[in-house]
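A short worksheet on the structure shown next.
The structure presented is a predicted model; accordingly, all values stated were derived computationally and were not measured. So you know, we letter chains A, B, ... as the sequences are listed, proteins then strands, and number each from 1.
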There are 2 protein chains.
Amino acid sequence: MLETAENYDASKYERPSVTADVVILTLREQDLQVLLIKRARWPYDGSWAIPGGFVEKDESLRQAALRELREETGVTDVYLEQLYTFGDPGRDPRTRVITVAYLAVTSADQIDPRAGSDAAEARWWSMYALPPSLAFDHDQILDYALTRLRYKLEYTAVGFQLLPKEFTLPELQAAYEIILGEMLDKGNFRKKLARANVVEPTGQYRQTAGRPAELYRYRQDAVAETRARRLFP
Amino acid sequence: MLETAENYDASKYERPSVTADVVILTLREQDLQVLLIKRARWPYDGSWAIPGGFVEKDESLRQAALRELREETGVTDVYLEQLYTFGDPGRDPRTRVITVAYLAVTSADQIDPRAGSDAAEARWWSMYALPPSLAFDHDQILDYALTRLRYKLEYTAVGFQLLPKEFTLPELQAAYEIILGEMLDKGNFRKKLARANVVEPTGQYRQTAGRPAELYRYRQDAVAETRARRLFP
DNA sequence: CCCGAATAGTGTGATATGTACACCAAGGAT
DNA sequence: ATCCTTGGTGTACATATCACACTATTCGGG
């Protein structure tokens, strides 16, 4: 019998469960922080985990991620990209579960964390001081997310998603230093920024303990991404 | 009742079918080519598609990809990385199918294409002259693969996976030009290569229609990847 | 007023990298 | 010998990176 949409038997092949998990990163308290939820139910009840949930029948993977994001933060208008898909056979004690991990990047003033239906509570954690034992393989997912963000800093304007609409250059530099985990030379940072032509001054200043700092904003006409000019590692 | 491994009901949530598809890229006939199979059965019977298959119960996604790779090429010892996961609801007429796409990069002298159990035939196609209508959303997957390969050329040594163990510098340059789809200056190319310190001369030469060309090989102690020194796009 | 502290902002020199173009080297054929 | 084909090298200019030094602006205290 020829297969058609009417008589196709999907159970002929293994069908795992599929979740979309969202690593939500932001800058808060001079720190790069991720939103984690405390799981309320087995498996890993009481453990901290990346928010996520099963992909529904008629939604794309991205839509699933956005749904989870809205459930955990109340917003969806943030930078979101697919990270990686984790699918080792034993990663979830319930059954075979494949997780499509996403990375959301946002500024702290944009979101209001709340615990979704499957979580006891939600909390911000420093990416540099995570809970001792995360659920599932979520430590690997977080590691992957940080690596991806650092990598993306080099070529794209993603870093600006972590900042409010207006920021000073020392604030921008501090953000980069926090994410990269290293100190940057102020003069060189400013020079690279000027050369990139992705920010413009607002004309306003912010009071500081010393000299007032000029406020900048991300340029709407800035290039979002660039290509390198190298050919080898 | 508390959930445990014994009484967990996986059917509580939607369970899509999951496939691992492998984009196998190589350099043949002065061309960047991809191995495609002609589908033997519905859906898209008679259409060319990326080799792939359903992920089995006790294998990881990577193992599934390697199994498919071995089935289509006879080898598994090639460069393989996960590309992206495609999961739009209507992408497969059979049922809900999520595809974890992988990229395999290999030299042409390493593999022997054969049609797996679900294909009428296997054939190399130029990435620059693909069949008019590919199955599923495989045109998008191929597009993604080419973009990834080009991107990886800049920072990693992946390009060398496409070449035989020994190669001349004009051959290496031609490979880069084919992949990038642009001409490169020979002197500048050689200078960048020398600076990268990733190849070493073998001491042997290859006869050409003109001056003999020195043979090189990829250095085993070469760095596999590098970080840029940029901070903005 | 001056000074020091705190913070913001700028300049210089050495080195590395990118780009375009010109030229030299080594073989084969005539 | 010359010409063609292919391989290999050098130069000048522009741009980018890095380390370090220095200037600018506010505030508070003596």
Side-chain angles (χ1 to χ4, degrees), chain A residues 30 150 153-156 163-164 166-178 180-217 223 225-233, chain B residues 30 150-151 153-156 159 163-164 166-178 180-217 223 225-233:
Chain A
Q30 301 300 310
R150 284 176 172 163
L153 274 199
E154 292 168 358
Y155 297 100
T156 75
L163 292 161
E166 296 183 345
F167 47 86
T168 68
L169 295 193
E171 285 166 359
L172 179 63
Q173 178 174 344
Y176 269 72
E177 285 168 346
I178 290 163
L180 294 172
E182 63 188 72
M183 302 304 287
L184 302 169
D185 179 90
K186 182 172 36 171
N188 293 330
F189 182 85
R190 284 167 166 265
K191 246 178 296 184
K192 290 188 180 188
L193 181 63
R195 196 186 298 130
N197 201 29
V198 290
V199 299
E200 64 196 355
T202 65
Q204 315 232 184
Y205 287 76
R206 174 171 289 150
Q207 202 83 324
T208 75
R211 178 175 166 165
E214 188 159 20
L215 281 165
Y216 286 77
R217 66 182 153 240
V223 294
E225 187 167 320
T226 196
R227 290 286 301 277
R229 294 174 299 177
R230 351 177 12 108
L231 293 172
F232 307 105
Chain B
Q30 301 300 311
R150 284 176 172 163
Y151 200 68
L153 274 199
E154 292 168 357
Y155 298 100
T156 75
L163 291 163
E166 295 182 346
F167 47 85
T168 67
L169 295 194
E171 284 165 358
L172 180 62
Q173 176 173 348
Y176 269 73
E177 285 169 345
I178 291 163
L180 294 172
E182 64 187 73
M183 303 304 287
L184 302 168
D185 180 89
K186 181 172 38 170
N188 294 331
F189 182 84
R190 283 166 169 265
K191 244 178 298 184
K192 289 189 181 190
L193 182 62
R195 196 187 296 136
N197 202 29
V198 290
V199 298
E200 64 197 355
T202 66
Q204 316 232 183
Y205 288 76
R206 174 170 290 149
Q207 203 81 324
T208 74
R211 176 173 167 167
E214 189 158 21
L215 281 165
Y216 286 76
R217 65 182 153 239
V223 295
E225 187 168 319
T226 194
R227 288 288 298 280
R229 297 177 298 179
R230 352 179 9 107
L231 293 172
F232 307 105

Notebook entry, point to check: Quick one: which of dG9(C), dG11(C), dG8(D) gets closest to the side chain of Lys186(B)?
Noted result: dG8(D)
Next item on the list: Could you check how far CZ of Phe167(B) sits from P of dT6(D), rounded to whole Å?
Entry: 21 Å
Margin query: So, does Arg190(B) get its side chain near the phosphate of dT9(D), meaning an N or O under 4.0 Å from OP1 or OP2?
Written below: yes
Notebook entry, point to check: When the distance from CD of Glu154(B) to P of dG18(C) is rounded to whole Å, what number comes out?
Noted result: 11 Å
Next item on the list: Write down the distance between CG (Asn188(B)) and P (dA16(C)), rounded to a whole number of angstrom.
Entry: 18 Å
Notebook entry, point to check: Is there side-chain contact between Tyr155(B) and Pro233(A), with at least one heavy-atom pair below 4.5 Å?
Noted result: no
Notebook entry, point to check: Starting at CZ of Phe232(B) and ending at C1' of dA16(D), how long is that distance when rounded to a whole Å?
Noted result: 14 Å
Notebook entry, point to check: Among dC18(D), dG8(D), dG9(C), which is the nearest nucleotide to the side chain of Ala213(A)?
Noted result: dG9(C)
Checklist line | Between dT19(C) (P) and Met183(B) (CE): distance, integer Å | finding: 15 Å
Notebook entry, point to check: Which one, dA12(D), dT26(D), dT5(D), comes nearest to the side chain of Lys191(B)?
Noted result: dA12(D)
Notebook entry, point to check: Under the criterion side chain to side chain donor-acceptor pair (under 3.5 Å), which of Arg227(B), Arg229(B), Arg230(B) is the partner of Glu154(A)?
Noted result: Arg227(B)
Next item on the list: Select from Arg229(B) and Arg211(B) the residue whose nearest nucleotide in DNA chain D is closer to the 5' end of that strand.
Entry: Arg211(B)
Next item on the list: For Glu171(A) and dA8(C), give me the distance from atom CD to atom P, rounded to whole Å.
Entry: 8 Å
Note to self: Between Lys192(B) and dT19(C), is there a contact of a side-chain N or O with OP1 or OP2 at under 4.0 Å?
What the structure shows: yes
Margin query: Both Arg195(A) and Thr208(A) contact DNA chain D. Which one's nearest nucleotide lies toward the 5' end?
Written below: Arg195(A)
Notebook entry, point to check: So which one's nearest nucleotide on DNA chain C is more toward 5', Tyr216(A) or Gly187(B)?
Noted result: Tyr216(A)
Notebook entry, point to check: Under 4.5 Å between any side-chain heavy atoms of Glu166(A) and Gln204(A), yes or no?
Noted result: no
Margin query: A quick test of your reading: do over 12 heavy atoms of other residues, nucleotides or ligands sit less than 6.0 Å from CD of Gln30(B)?
Written below: no
Note to self: Testing the basics here: between Glu171(B) and Arg206(B), what is the closest heavy-atom pair and its distance to 0.1 Å?
What the structure shows: OE2-NH1, 2.5 Å
Item checked: Atom pair distance, as rounded to whole Å: CG in Leu193(A) and C1' in dC18(D) -> 17 Å
Next item on the list: Measure the distance from CD on Glu214(A) to P on dT26(D) and round it to the nearest whole Å.
Entry: 13 Å
Margin query: Check the phosphate of dT6(D) against Gln207(B), side-chain N and O only, distance under 4.0 Å to OP1 or OP2. Yes or no?
Written below: no
